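This one's a predicted model, so the numbers in the text were calculated from it and none came from an experiment.
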Amino acid sequence: MAYRLNDKVWFVRSKHIVTEAEIIDIDGEFYTIRFPGNIGWAATKLRRSRLFPTEQEAQVSAGIREAPRKYPRSPHLMYFDI
């Protein structure tokens with residue numbers, strides 16, 4: 001998928017952190033993206049294959065599963081039929 005300047009994209013950093021970014025420059029197959037860093041904004045250059053149009057696609061790529069669903073009731077009540 002080809003992206004344009006100022007498009008919002010998602011990418012995976014540190015193999016498990018999915019982060020939203022904005023495209024600020026395009027150079028062939030490489031995209032310079034800007035994202036919130038520890039102090040202000042950070043920028044990096046990534047290949048097109050490392051960018052995703054949605055957060056869900058980035059999570060699938062990183063192998064991140066949905067958070068387990070919580071037990072609907074208190075675990076202390078599971079032996080009692082209420």
Side-chain angles (χ1 to χ4, degrees):
M1 175 177 191
Y3 300 103
R4 295 182 175 174
L5 289 177
N6 301 322
D7 278 355
K8 299 289 182 193
V9 293
W10 296 85
F11 72 104
V12 180
R13 59 184 175 139
S14 300
K15 296 185 180 181
H16 69 283
I17 301 170
V18 176
T19 305
E20 183 179 18
E22 177 183 358
I23 296 175
I24 58 173
D25 188 36
I26 301 171
D27 185 20
E29 189 177 326
F30 290 91
Y31 292 80
T32 303
I33 58 172
R34 179 176 72 170
F35 57 95
N38 293 338
I39 302 174
W41 290 93
T44 190
K45 193 175 267 196
L46 296 175
R47 285 189 184 271
R48 181 182 315 146
S49 62
R50 300 271 316 268
L51 302 176
F52 302 94
T54 65
E55 182 179 14
Q56 290 76 22
E57 290 182 32
Q59 288 176 344
V60 168
S61 171
I64 300 171
R65 294 180 287 169
E66 290 183 21
R69 294 187 178 156
K70 296 190 182 222
Y71 195 75
R73 299 186 306 174
S74 169
H76 304 290
L77 300 176
M78 65 186 214
Y79 296 111
F80 301 101
D81 189 20
I82 298 177

Original post:
Partners of Glu22 by salt bridge (charged side-chain N to carboxylate O under 4.0 Å, His left out), sequence neighbours excluded?
Top reply: Lys8, Arg34

**OP:** Check the pair Leu46, Ile33 against side-chain contact (heavy atoms from CB on, under 4.5 Å), reporting the backbone distance first and the verdict last.
**Re:** CA-CA 8 Å; Leu46 296 175; Ile33 58 172; 3.6 Å; yes

Any non-hydrogen side-chain atom of [X] less than 4.5 Å from a side-chain atom of [Y]?
| X | Y | value |
| --- | --- | --- |
| Leu51 | Tyr3 | yes |
| Ile24 | Leu5 | no |
| Val9 | Ile23 | yes |

Subject >> Contacts of Phe52 that satisfy ring-ring contact (aromatic ring centres under 6.0 Å, His included) - sequence neighbours left out >> reply: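 For Phe52, no residue satisfies ring-ring contact (aromatic ring centres under 6.0 Å, His included) once neighbours in sequence are set aside.
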
Subject >> For Glu29, the option from Arg47, Arg48, Arg50 that meets salt bridge (charged side-chain N to carboxylate O under 4.0 Å, His left out) >> reply: Arg47

Original post:
Quick check: does any side chain N or O of Ser14 sit under 3.5 Å from a backbone N or O of Ile17, one acting as donor and the other as acceptor?
Top reply: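 Checking the backbone N and O of Ile17 against the side chain of Ser14, no donor-acceptor pair under 3.5 Å is found.
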
Subject >> Contact summary for Trp10 and Pro53, nearest pair of heavy atoms >> reply: CD1-O, 3.8 Å

Original post:
Looking only at heavy atoms, what is the nearest atom pair of Tyr31 and Ala2, with distance?
Top reply: OH-CA, 4.0 Å

Original post:
Between Phe11 and Val18, does a side-chain contact (heavy atoms from CB on, under 4.5 Å) hold up when you go through it step by step?
Top reply: CA-CA 6 Å; Phe11 72 104; Val18 176; over 6 Å; no

**OP:** Could you check Lys45 against Asp27 for side-chain contact (heavy atoms from CB on, under 4.5 Å), going step by step and ending with a plain yes or no?
**Re:** CA-CA 9 Å; Lys45 193 175 267 196; Asp27 185 20; 3.9 Å; yes

